[in-house]
Each structure stands twice: as C-alpha cells, then as structure tokens.
Amino acid sequence: MALASVVLTFIECEAATQYVVGNGRGWTAPPNITAGFYDEWAASKSFEGNDALVFEFNGTHSLAAVSKEEYDSCTKVIPIGDGTNGFSYGYQIPRKAGVYHFICTVGSHCEAGQKLAINVTSAGFATWSPPSPLTSGALSMVLYTFAFFLPGH
C-alpha cells in the first residue's frame, strides 16, 4: 500500500475536460440556432484528445461522426446516437490530433446548421516524466527501507 503511494507520487496525469456542446442551447436546430452557431461555439475552445463532448438533445435529433466530405455535403449516415428532448450522448474525443466532424441526420437539420467541426490540438495523453537521478536514488532508498522493515527481516 505504501509502495503504491510512493509510485503514484511520481506520475502526473492531466484531467480531461468535458464540454457541453452549444452550452445552454444544447444540440439543436433552427430556430434555436443560426447557421455557424456551432462553429462559433467551438472556436473559443481548446480541444485535446481524451476530452469529452456532451450532446444534450433539444428536440428530436441524431448524432453522426462523419468525414470532412460527409460534413460538407451533409451526407446521411448511420448515427451513433439519436433521441429527443432530455437525451444526452457523451463522446470521448480520440487521442489523436486532427479535425473531427459531427452532424445531425434528421431531415434538413445539418443543412440548416446543426453540424460541428472541432480541431483537436494535442493527443491528450496523460503525461509522465521519468524520475531524475536524484528522484531515482530517493525512490530506491524508500523501497530499500520499506523492504528492510518488512516482518520477518
């Protein structure tokens, strides 16, 4: 138990951020939003791999993760989630930098502006720095002391 505490002290992890898409408006279509609403929403965010997007449905909608071409043309594909008011869908951003695209496949919602493109700027891996020689020596001393005082020695 003490050993686990010592080892965990040397590992630094970054917490992922959770974003509610569209803030209070949620995942919705006109007249609740105007074309470009989600682009403006995303422009003020800094997305990283492992962050989470929460799509809170305001109305009857779907959610599809699509390619750039499907995003541009609002191609109807099989959605990864669909529902009505009150339905939420969580999407964990992959640990790969790049642009990710999402659309609603209901009716003409995508064409009317219910689509989102996010730019993921970094992989978002938990960071770990190898211990310095001084830290390694201190860790060795702690482990040696721990082993020395184990019952039976």
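Worth knowing before you read on, the calculation uses all heavy atoms, side chains too, and leaves out hydrogens, waters and symmetry mates. This chain uses plain numbering: 1 for the first residue, then up along the sequence.
Within 6.0 Å of NZ on Lys45 lie more than 12 heavy atoms contributed by other residues, nucleotides or ligands.
Rounded to the nearest 0.5 angstrom, Glu56 CD and His61 NE2 are separated by 12.5 Å. Taken from CD in Glu69 to NE2 in His101, the straight-line distance is 8.5 Å, to the nearest 0.5 Å. Put simply, SG on Cys104 and NE2 on His109 are 5.5 Å apart, with the number rounded to the nearest 0.5 Å.
The hydrophobic cluster containing Phe47 does not contain Val54, counting ILVMFWY residues as joined when their side-chain heavy atoms lie under 4.5 angstrom apart, directly or transitively. Connection of Tyr38 to Leu53 is established within a shared hydrophobic cluster, with ILVMFWY side chains joined at heavy-atom distances below 4.5 Å, either directly or through further cluster members. Neither Leu116 nor Val66 shares a network with the other; the hydrophobic side chains, linked directly or stepwise wherever heavy atoms of I, L, V, M, F, W or Y lie under 4.5 Å apart, form separate groups for each. Each of Ile93 and Ile103 belongs to its own hydrophobic cluster when Ile, Leu, Val, Met, Phe, Trp and Tyr are linked at side-chain heavy-atom distances under 4.5 angstrom. Hydrophobic clustering of Ile, Leu, Val, Met, Phe, Trp and Tyr side chains at less than 4.5 Å, counting indirect connections, unites Phe57 with Val21.
Residues satisfying the disulfide (SG to SG under 2.5 Å) test with Cys110, not counting sequence neighbours, are Cys74. The side chain to side chain contact (heavy atoms under 4.5 Å, CB included) check on Lys76 picks up Thr105, Glu111, with sequence neighbours excluded.
With a 4.5 Å cut-off between side-chain heavy atoms of Ile, Leu, Val, Met, Phe, Trp and Tyr, the cluster of Val99 takes in none.
Ala42 approaches Ile118 most closely through the heavy-atom pair CB-CG2, 4.3 Å. Summarising the geometry of Thr75 relative to Ser73, their closest heavy-atom pair is OG1-OG, 2.6 Å, with the distance given to 0.1 Å.
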Could you go through residues 23-31 and list every donor-acceptor pair under 3.5 Å that involves a side-chain atom there, pairing it with any protein atom two or more places apart or in another chain?
unit_1, atom_1, unit_2, atom_2, d
Asn23, OD1, Trp41, NE1, 3.1
Arg25, NH1, Asn32, O, 3.3
Trp27, NE1, Ser62, O, 2.8
Thr28, OG1, Asn32, ND2, 2.8
Thr28, OG1, Asn58, O, 3.1

Per-pair distances, 0.1 Å, donor-acceptor, side chain in residues 77-91, under 3.5 Å, sequence neighbours excluded:
unit_1, atom_1, unit_2, atom_2, d
Asn85, OD1, Gly59, N, 2.3

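Residue pairs meeting the salt bridge (charged side-chain N to carboxylate O under 4.0 Å, His left out) criterion with at least one member in residues 57-68, sequence neighbours excluded: Lys68-Asp72.
Residues Phe102 and Phe55 bring their aromatic ring centres within 6.0 Å.
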